Protein chains: 2
Amino acid sequence: MTGPTDPPDVPGLSAGLSREEALALRESFDPDERERIDETVAALLDLLGKAHTMAVLSAFAFADGPLRFSGLESQLDIAPNTLSTRLQELTAAELLERTAYDEVPPRVEYTPTEKAESLFPVFAHLHHWAIEYDL
Amino acid sequence: MTGPTDPPDVPGLSAGLSREEALALRESFDPDERERIDETVAALLDLLGKAHTMAVLSAFAFADGPLRFSGLESQLDIAPNTLSTRLQELTAAELLERTAYDEVPPRVEYTPTEKAESLFPVFAHLHHWAIEYDL
DNA sequence: CCGCATCCTACCGGATACTG
DNA sequence: CAGTATCCGGTAGGATGCGG
């Protein structure tokens, strides 16, 4: 038996709204607001779609407290320039907050904002998905 | 007022498990299974990370019933070769099922599998996120 | 030492044209 | 309609260097 072990009825996988509920909620907004939502979703998917963005955020989702550049680099096996770019994008999107400490050795910490934290259940959901399924 | 309108206390954004719950659940598995889960998550993030994968899946998440190649192509504004590749990958991952009808004009339909459907609340969550936040 | 910027190379994704 | 073939540009990845 190397496949997914019979999971002990993992809770939470069906958490979140159904398609019908989501569509109904969507109807409750006026067209202008609906358009803004669509654009935001598109932009969000675009950001999350870039290579390693999800992996980076997921690292923050399962970490407790701030993370450092080198920690992410080794943990994720990602090239430093790419990591740097992603961190800048996420900081610009106000999903991460960058704090530099003027010390020796130097230290830079990245902390997820509230905006990012409200995104984290997504990664928990993906984790649960992996408990039940394989790829 | 062009920013996000004060949302009428949208439900569902906090749906899903917290980080603590997720980590606790993780502890309940033996090391071998934990390793499998990690690999699956990594593979999943890798797949979802590729350009337009999330957008394609999200299209299925909010659609009712199967979708066709041309529909996705126009709806998502994505190059045909790229769409073709993504659909092949998703089909190989058993997230989509491809059904070809021998007709004129030819028709090919893609249907999300149960594996994919259990992933859909993620997209609903992202949609809700866009209701509360901006990018 | 750590956090990046730079240079270069390889590959991936976009546009277009074409076929079953 | 549903893809493939081809070409090309952008972007990720690896190595290296350097400032703080």
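When reading the values below, keep in mind they use all heavy atoms of this one structure, side chains included, and skip hydrogens, waters and symmetry mates. The structure displayed is predicted, hence computed values, not measured ones. So you know, we letter chains A, B, ... as the sequences are listed, proteins then strands, and number each from 1.
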Roughly how many Å is it from [atom1] in [X] to [atom2] in [N], rounded to a whole number?
| X | N | atom1 | atom2 | value |
| --- | --- | --- | --- | --- |
| L83(B) | dG13(C) | CG | P | 12 Å |
| Y101(A) | dG3(C) | OH | C1' | 15 Å |
| E109(A) | dC4(C) | CD | C1' | 17 Å |
| K50(A) | dG14(C) | NZ | P | 13 Å |
| I78(A) | dG3(C) | CD1 | C1' | 14 Å |

- Task: Indicate whether OP1 or OP2 belonging to dC2(C) is found under 4.0 Å from a side-chain N or O atom of R68(A).
- Result: no
- Please determine if a side-chain N or O atom of S70(A) lies less than 4.0 Å away from the OP1 or OP2 oxygen of dC2(C). no
State, yes or no, whether a side-chain contact exists between [X] and [Y] at a heavy-atom distance under 4.5 Å.
| X | Y | answer |
| --- | --- | --- |
| L90(A) | L47(A) | yes |
| E117(A) | F60(A) | no |
| L87(B) | R98(B) | no |

- Item | N81(B) side chain, from C-beta outward: closest of dG20(C), dA15(C), dC2(C) | dA15(C)
- Which nucleotide in the set dG14(C), dT16(C), dG3(C) lies at the smallest distance from any side-chain heavy atom of R98(A)?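 Given the options dG14(C), dT16(C), dG3(C), the side chain of R98(A) is closest to dG3(C).
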Select base, sugar-phosphate, or nothing to describe what [X] touches, counting heavy atoms under 4.0 Å on all strands.
| X | result |
| --- | --- |
| Y110(B) | sugar-phosphate |
| Q88(B) | sugar-phosphate |
| D102(A) | nothing |
| E103(B) | nothing |

- Message: Please compare P80(B) and T85(B) by the position of their nearest nucleotide in DNA chain C and report the one closer to 5'.
- Response: T85(B)
- Query: For DNA chain D, whose closest nucleotide is more 5', that of G71(B) or that of R86(A)?
  - Reply: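 Upstream on the strand: G71(B).
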- Task: Tell me which of A51(A) and P105(A) sits closer to the 5' end of DNA chain D, going by the nucleotide each one is nearest to.
- Result: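 Of the two residues, A51(A) wins.
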Considering all heavy atoms of both residues, which atom of [X] and which atom of [Y] are nearest to each other, and what is their separation?
| X | Y | answer |
| --- | --- | --- |
| P80(B) | F69(B) | O-CZ, 3.6 Å |
| V41(A) | A130(B) | CG2-CB, 3.5 Å |
| L72(A) | A59(A) | CD2-CB, 3.9 Å |

- Message: Reading DNA chain D from 5' to 3', where do the contacts with chain B start and stop? Cut-off is 4.0 Å to heavy atoms.
- Response: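 The contact span of chain B on DNA chain D goes from dC1(D) to dT6(D).
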- Task: Using a strict cut-off of less than 4.0 Å between a Lys/Arg side-chain nitrogen and an Asp/Glu carboxylate oxygen, indicate whether R36(A) and E33(A) qualify as a salt bridge.
- Result: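 Looking at E33(A) together with R36(A), the answer is yes, because their closest N to O distance falls below 4.0 Å.
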